[in-house]
Amino acid sequence: MKYPVALPKTSFPISSSNHDNILNFWKKINLYKRLTQRSEEFLLHDGPPFANGSPHMGHAVNKIMKDIFNRGKALLGYKINYIPGWDCHGLPIESAVESNLKKAGKRRSDFSIQQFRELCRDFANEWINVQKDGFIKMGVIGDFDHAYTTMQSQFDILKELHKFVQDDLVYRGFKPTIWSCSEATALAEAEVEYYDKTSNSVDVKLEIISKDRTDLLGAKLVIWTTTPWTLPANRAVACSREFEYVLLELAGEKLIVASELLDNFMQRTKKTYTLIDKFRGHDLVDLHVKHPFYDLGIQLEVPVLHSDHVSLDQGTGLVHIAPSHGEEDFVLGKQYNLEVTELIDNNGKYIDSLALIGGKDIFESENIIIEKLRELNVLEAHNKIVHSYPHSWRSRKPLIYRVTPQWFISVDQMKKNVLQVIDQVNWIPEFGKNRFISMLESRGDWCISRQRVWGVPLAILYHEETGEILKEAIPEIQNLLLSEGMDKWWDIASEVAKKHPGYVPCYDIVDVWFESGASQEYVLHGKRADVYFEGSDQHRGWFQSSALQASRVIPKMPYKNLITHGFVVDNKGRKMSKSLGNGVDPMELIAKHGPDLVRLWVASQNYIEDIKWSLEHLNRVKDIEKRFRNTMKYMLGSVIPFSYEGCYEEMQLLEKWVLGRVYQLNQEFKNAVDSFSTYKFVKNLFLFCTVDLSAFYFDIRKDILYCEDVNSPLPKQVRMVLKHILDNFIRWIAPIMPFASEEAWMEMYGSGVNSVHEQTILNLPNWSDKDIDVSMATVREVRKVVTSALEIMRERKEINSSLDAEVHIITRKLNGVSLLDMKQILIVSGLTIYNCEQDFYDNEGKRDLYSTADVDDVQVFCKKVSGNKCERCKHVHAGIADLCDRCFKVVS
RNA sequence: GGGCUUGUAGUUCAGUUGGUCAGAACACAUCGCUUAUAACGGUGUUGUCGCAGGUUCGAGUCCUGCCAAGCCUACCA
């Protein structure tokens with residue numbers, strides 16, 4: 001015979017595919033707008049992702065975490081302000097568009113700059129739409145209708161740049177760039193590929209002519225280079241003060257090389273030597289030597305300088321310095337005011353005025369140069385070397401370093417300004433601060449010009465010779481571009497310039513970091529953001545450019561909290577890449593598993609470190625998701641169809657304890673939101689569901705919920721507690737699993753009008769009671785001993801359910817806990833508690849007692865309880881038929 | 001090559017200032033409930049704490065070196 005019991009009842013599903021309806025609901029009620037109708041603001045400024053591809057896991061982590069912050073803050077009652085943005089300009093898009101043209105059989109040169117920019121714009125717009133759609137599917141809410149893009153903000157960006165010009169912070173300078181002679185253009189880092197190349201390697205002897213050093217006068221420094229074509233541009237020799245150098249005699253000549261590289265050098269000369277002297281590099285510094293082509297008209301006496309970058313890996317420990325043809329050379333040259341010579345033209349030919357090689361191709365001239373060096377008796381050795389060398393990815397031709405004129409922002413004062421207010425920012429993690437500072441300190445002036453077309457034109461006029469910028473023309477330029485559009489700069493610039501004799505227009509575009517760095521102006525309008533949250537690569541990117549730009553005039557940081565996250569890597573810690581095939585598409589995951597799961601995966605990560613992706617881990621997170629949903633399902637089913645009431649004071653120990661846990665978790669939720677870190681909260685919430693609720697509280701209270709008269713006080717109180725848990729729980733998971741939360745909310749309060757995401761967390765009385773927590777900890781300790789003892793009986797097939805047993809406990813620990821409470825908590829049919837062993841023996845006779853090593857003062861004896869099992873509640877009682885007294889009353 | 005960061009059970013992680021710190025959960029195995037049932041509960045197994053030295057009475061915890069990985073940067077005459 002089956003007797004009716006009050007089982008939970010709900011249509012809330014354990015898994016759901018109702019996402020689209022919920023997304024539509026949020027759209028219909030304009031959830032984002034509703035969340036902006038509050039007073040105190042939480043302003044999260046979106047770092048714009050690059051508009052050139054579909055969303056990847058990095059986007060997912062970034063956007064979802066931002067949304068969790070936003071929804072979390074909304075639950076704490078804040079007005080949210082989140083305007084998504086996109087970074088649209090730059091080389092990758094230009095390259096992609098160009099390659100698309102190529103695939104279509106077209107050439108870039110067939111398009112005007114304006115037309116080409118139009119194509120880039122279309123390309124960017126297309127990807128913005130794809131990404132926008134993806135982010136919305138992830139559940140991200142924000143002002144997508146008024147998203148910002150750098151391409152729509154061009155004019156504001158230019159105005160911002162002009163402020164730097166007006167403040168005399170922009171100047172023309174020179175910079176070594178990687179130059180392609182075949183294409184007559186500077187290349188970006190991304191356009192360079194390294195292949196092996198066979199080069200000439202030469203050891204060249206430079207005679208010391210410093211008269212005050214008679215000991216070394218006439219001796220020759222040996223320099224080694226693999227780019228003999230740069231020798232005409234030689235302006236110095238670098239050595240290291242610290243290294244030891246040797247003076248040796250070789251075929252009648254005195255030569256100097258570094259001790260450690262002597263063998264290396266001798267292998268190239270294939271001669272024998274006599275060692276004369278040893279000394280520190282310090283002794284060489286400030287000597288002067290003859291230029292390699294001294295006897296060919298370049299009558300320079302070049303200095304020997306110390307440089308930290310001199311190494312003992314190869315060469316001679318004495319380095320040929322040509323400031324116009326090398327990064328380090330340029331830096332050293334700048335430090336010592338060396339002449340930066342322009343000996344070659346855009347196509348890689350020497351200038352005509354140069355003797356012997358004038359007008360000739362630099363690479364082709366190398367043989368002539370080497371031959372001449374030999375004739376001049378400055379060549380010690382000539383060999384061939386195969387080494388990795390930069391090449392153009394397009395023409396596959398070798399590239400060279402060349403110093404070209406560029407535009408710079410002088411950052412010294414801004415750096416000082418930023419460092420002054422560095423502590424106005426809360427750095428999460430803390431080490432981000434030092435990382436930021438060291439990167440800031442080590443940076444040089446900001447090169448803002450790019451020889452490209454897809455970007456904000458660096459619209460200025462400058463004096464052809466002096467490089468002075470014509471500030472008076474700025475209003476005129478701005479007015480023209482405002483009415484004509486930014487694309488028109490390339491058409492109107494020359495006309496503007498005509499009105500200002502001597503001045504020419506700049507056709508470069510502005511570095512994209514300047515564009516996004518100015519977003520604080522055109523998006524935030526100078527307001528300080530509460531949070532910037534991006535990958536840790538942005539310490540030298542957006543975080544830095546934003547801070548520098550904010551501090552143009554006075555020290556100011558654009559963000560209050562600067563939070564960085566790691567990168568998504570696979571379970572072996574390797575970054576996701578196409579070649580490894582370990583990449584994963586977040587949109588596929590969402591389609592397959594739903595957005596909540598992906599969000600929960602993100603929320604359960606400590607994003608400070610690298611974020612490890614694996615399917616195995618996702619499946620584990622899936623268990624957490626199921627546990628959360630199932631916990632809500634159980635509570636919904638136990639609350640909605642029944643009546644509940646009761647106040648804290650009337651509740652049992654167990655109920656008071658659970659409410660205490662609810663209070664504690666509510667505090668933890670606030671902390672998680674305020675500290676922008678959810679993973680510990682997710683873990684604790686999961687433990688709450690499994691350990692506290694499912695395995696303990698729910699398990700114990702099933703008897704009362706199912707079997708007791710539903711209208712009697714105790715079930716009503718238990719359901720009241722469940723209602724409390726539920727009301728809080730739905731809110732706690734709202735930021736993390738907004739879809740499940742909304743579903744539960746609708747199940748609870750009906751659908752169609754309000755969203756859970758408009759709610760704020762509940763202001764709970766302090767239910768946390770330390771005394772109750774302590775005694776409950778003891779209770780659970782005792783319970784653990786009892787379940788272990790019962791397990792032994794179960795193994796012996798003496799019992800199945802714990803209700804088949806009666807338990808005797810000998811302990812002094814359970815003072816203050818009623819026998820009835822304890823019996824319910826243990827879920828057994830009989831319980832006796834003794835204060836000492838003798839009392840137990842008096843009652844039950846001499847028995848073997850069970851105890852465990854980790855719990856002292858608790859001994860247990862269990863036996864099968866005698867009597868009949870109640871068909872309804874499964875408790876065993878003596879002297880009953882098929883129903884116990886309680887169940888009989890309830891049923892009838 | 002340099003700067004910052006990370007490395008604890010199969011997995012994800014806890015381990016405060018060096019002294020019950022070798023833990024939790026999941027997974028796995030197994031038993032039970034059949035009244036959350038495409039659920040729920042109990043019990044059990046798992047680790048040279050990246051490797052090698054050092055400091056200390058004592059180190060996962062401090063120091064040094066190395067290895068692996070991530071971000072940034074320099075990739076060299």
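Numbered from 1 within each chain, the chains take letters A, B, ... in sequence-line order.
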From [options], nucleotide with atom closest to [X] side chain:
X        : options             : result
A:Thr227 : B:G70, B:G41, B:A77 : B:A77
A:Thr787 : B:A77, B:U43, B:C26 : B:U43
A:Asp623 : B:A36, B:C26, B:G3  : B:C26
A:Thr225 : B:A25, B:C4, B:A77  : B:A77
A:Arg620 : B:U34, B:C40, B:A25 : B:A25
A:Asp699 : B:G10, B:G41, B:A74 : B:G41
A:Trp224 : B:G41, B:A77, B:A39 : B:A77
A:Arg627 : B:C40, B:C33, B:G70 : B:C40
A:Leu687 : B:A24, B:C26, B:A39 : B:A24
A:Lys702 : B:U12, B:A36, B:C72 : B:A36

Measure the acute angle between the ring planes of A:Phe543 and A:Tyr532, then classify it against the limits of 30° and 60° as parallel, tilted or perpendicular.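 Answer is tilted, since the angle falls between 30° and 60°.
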Parallel, tilted or perpendicular for A:His59 and A:His56, by the 30°/60° rule?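 Parallel, since the angle between the ring planes stays under 30°.
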Nearest nucleotide by nearest heavy atom, which residue falls closer to the 5' end of RNA chain B, A:Glu609 or A:Leu693?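 The residue closer to the strand's 5' end, by nearest nucleotide, is A:Glu609.
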On RNA chain B, does the nearest nucleotide to A:Val691 precede the nearest nucleotide to A:Phe698 from the 5' side, or the other way round? Give the residue.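 The answer here is A:Val691.
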Taking 4.0 Å as the cut-off, does a side-chain nitrogen or oxygen of [X] come that near to OP1 or OP2 on [N]?
X        : N     : answer
A:Ser694 : B:G41 : yes
A:Lys784 : B:G42 : no
A:Asn800 : B:C33 : yes
A:Gln605 : B:U12 : no
A:Tyr679 : B:A14 : yes
A:Tyr401 : B:C75 : yes
A:Lys797 : B:C31 : no
A:Lys680 : B:A14 : no

Whole Å only: how far is the [atom1] atom of [X] from the [atom2] atom of [N]?
X        : N     : atom1 : atom2 : result
A:Ile321 : B:C76 : CD1   : P     : 14 Å
A:Asp856 : B:U20 : CG    : P     : 18 Å
A:Leu312 : B:A77 : CG    : C1'   : 13 Å
A:Asp610 : B:G70 : CG    : P     : 8 Å

Hey, does [X] reach any base, or is it just sugar-phosphate, or nothing, if we go heavy atoms under 4.0 Å?
X        : answer
A:Arg629 : nothing
A:Lys683 : sugar-phosphate
A:Glu791 : base
A:Gln314 : base
A:Phe567 : sugar-phosphate

[N] to [M] separation - [atom1] atoms, rounded to the nearest Å:
N     : M     : atom1 : value
B:C49 : B:A22 : C1'   : 8 Å
B:A27 : B:G70 : C1'   : 27 Å
B:G42 : B:C33 : P     : 15 Å
B:C31 : B:G19 : C1'   : 40 Å
B:U61 : B:G15 : P     : 15 Å
B:G54 : B:G41 : P     : 50 Å
B:C13 : B:C76 : P     : 37 Å

Any N or O donor-acceptor pair under 3.5 Å from the base of [N] to the side chain of [X]?
X        : N     : answer
A:Arg540 : B:C71 : no
A:Ser15  : B:A38 : no
A:Lys633 : B:A39 : no

Using purine N1 to pyrimidine N3 plus N6-O4 or O6-N4 for Watson-Crick, or N1-O2 and O6-N3 for G-U wobble, each under 3.5 Å, what pairs with [N]?
N     : value
B:G10 : B:C26
B:G65 : B:C51
B:G41 : B:C31
B:C71 : B:G3
B:G18 : none

Regarding [X] and [Y], does a basic nitrogen lie under 4.0 Å from an acidic carboxylate oxygen?
X        : Y        : result
A:Glu781 : A:Lys784 : no
A:Asp329 : A:Arg235 : no
A:Asp804 : A:Lys864 : no
A:Lys175 : A:Asp445 : no
A:Asp703 : A:Arg886 : yes

Determine whether the side chains of A:Ser694 and A:Arg627 contain a donor N or O and an acceptor N or O closer than 3.5 Å.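 A pair is found: one side chain offers a donor N or O, the other an acceptor, under 3.5 Å apart.
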Would you mind reporting whether A:Leu687 and A:Asn684 have side-chain heavy atoms less than 4.5 Å apart? yes
